[in-house]
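What follows is a set of notes on a single structure, which appears directly below.
The first residue in the sequence is number 1, and the count goes up from there. All values derive from a computational prediction rather than experimental measurement.
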Amino acid sequence: MKRSPCVKATCLLALFFVSGCFGPQGHSVEEKREAVRAMRVKTLERLYQIHPDARRAVRASVGYGVFSNIGTYLFLLSTGSGWGIVRDNQTGKETYMSMISAGVGFGLGVRDFRGVFVFTSKEALNRFVNQGWTAQAQADAAAKAGEKGGAVAGAIEVAPGVSLYQITENGLALQATIQGTKFWKDGELN
């Protein structure tokens, strides 16, 4: 299939914008780890301000992950990259992770958001950390008003045993957009 020069240029431009966002800031591995931990603290503080009940959900969970994501939307292509950390609340082990996303849809701009995954089962946590995770379908459900069937209040259930709070500039998102997103262990920081 032959692509037009415009499509190729758009793809290259989107990759250029996202390429600077592949990892946390810092020169050494320890500086990058510290940047990830600082992002986690700020993100959780913001989440707890917006949705105070989330503190109890995070503390009571098997584990949680906090991610920073920058998405670029250029005409028909959207790309994004990010990084984060997953904490096993039972063992205290922390795993640094990376993420990348791609999709199609009309738009123009940059979107910066944070995601807090809450794992309510050990199997879901282990699968996310050890096998990586790919969000194939868009999680496009309304946030739950209360706890129901083990779901975390105010979060969107994105997979069995996994709920997500997505924080934007406007506060807590009422739907999650994680279509075409891949998560994996960061080879440099672990």
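Of all non-hydrogen atoms in A124 and G161, the two that sit nearest each other are CB-O, 3.7 Å. The two residues V58 and N89 make their nearest non-hydrogen contact at O-ND2, 3.0 Å. The two residues M99 and W83 have their closest heavy-atom pair at CG-N, 4.0 Å. Summarising the geometry of A35 relative to Q25, their closest heavy-atom pair is CB-O, 3.5 Å, with the distance given to 0.1 Å. Minimum heavy-atom separation, D186 to L189: OD1-N, 2.9 Å. Closest heavy-atom contact between I167 and R46: CG2-CG, 4.0 Å.
Partner of L125 under the side chain to side chain contact (heavy atoms under 4.5 Å, CB included) criterion, out of V162, V86, T120: V86 alone.
A distance of 4.5 Å separates CZ of F113 from CD of Q166, quoted to the nearest 0.5 Å. Between L164 atom CG and E157 atom CD the span is 11.5 Å, to the nearest 0.5 Å. Remark: T43 OG1 to Y165 OH distance equals 14.5 Å, nearest 0.5 Å. Rounding to the nearest 0.5 angstrom, the gap separating the OG atom in S98 from the NZ atom in K182 is 11.0 Å. From R114, atom CZ reaches atom CG of N69 across 8.5 Å, with rounding to the nearest 0.5 Å. F128 CZ to T95 OG1: the interatomic distance, rounded to the nearest 0.5 Å, is 10.0 Å.
Residues meeting the salt bridge (charged side-chain N to carboxylate O under 4.0 Å, His left out) test with E34, sequence neighbours left out: R37. By the salt bridge (charged side-chain N to carboxylate O under 4.0 Å, His left out) test, R127 is found to be paired with no residue, residues two or more places apart in sequence or in another chain being considered. In terms of the side-chain hydrogen bond (donor to acceptor under 3.5 Å, both in side chains) criterion, N126 has no residue partners (sequence neighbours excluded). Residues passing the salt bridge (charged side-chain N to carboxylate O under 4.0 Å, His left out) test with E188 are K32, sequence neighbours excluded. Evaluation of the ring-ring contact (aromatic ring centres under 6.0 Å, His included) rule for Y64 yields no partner, not counting sequence neighbours. Scanning for salt bridge (charged side-chain N to carboxylate O under 4.0 Å, His left out) contacts around K122 gives D88, with sequence neighbours left out.
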**OP:** Report the C-alpha distance between Q90 and V62 in whole Å, list the side-chain angles of each, state the deciding distance to 0.1 Å, and finish with yes or no for side-chain contact (heavy atoms from CB on, under 4.5 Å).
**Re:** CA-CA 6 Å; Q90 296 174 336; V62 172; 4.1 Å; yes

Derivation and outcome, side-chain contact (heavy atoms from CB on, under 4.5 Å), residues V66 and L44: CA-CA 8 Å; V66 181; L44 289 174; 4.1 Å; yes

With salt bridge (charged side-chain N to carboxylate O under 4.0 Å, His left out) as the test, would you mind laying out the steps for R40 and E94 before giving the verdict?
CA-CA 12 Å; R40 173 180 57 192; E94 296 181 335; 2.8 Å; yes

Q.
Run F119 and S61 through side-chain contact (heavy atoms from CB on, under 4.5 Å) and show every step you take.
A. CA-CA 6 Å; F119 301 96; S61 69; 5.7 Å; no

Next on the checklist: Pair K42, E45 - check salt bridge (charged side-chain N to carboxylate O under 4.0 Å, His left out), show working.
Outcome noted: CA-CA 5 Å; K42 285 183 181 179; E45 286 174 355; over 6 Å; no

**OP:** Show the numbers, then the answer: is there a side-chain contact (heavy atoms from CB on, under 4.5 Å) between M39 and F67?
**Re:** CA-CA 8 Å; M39 178 275 302; F67 289 84; 5.6 Å; no

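Looking only at distances, a side-chain donor or acceptor of R87 sits under 3.5 Å from a matching main-chain atom of G92.
The aromatic rings of F117 and F183 sit perpendicular, their planes meeting at an angle over 60°, well past the 30° parallel limit.
Side chains of M97 and I85 form no contact here, defined as non-hydrogen atoms less than 4.5 Å apart.
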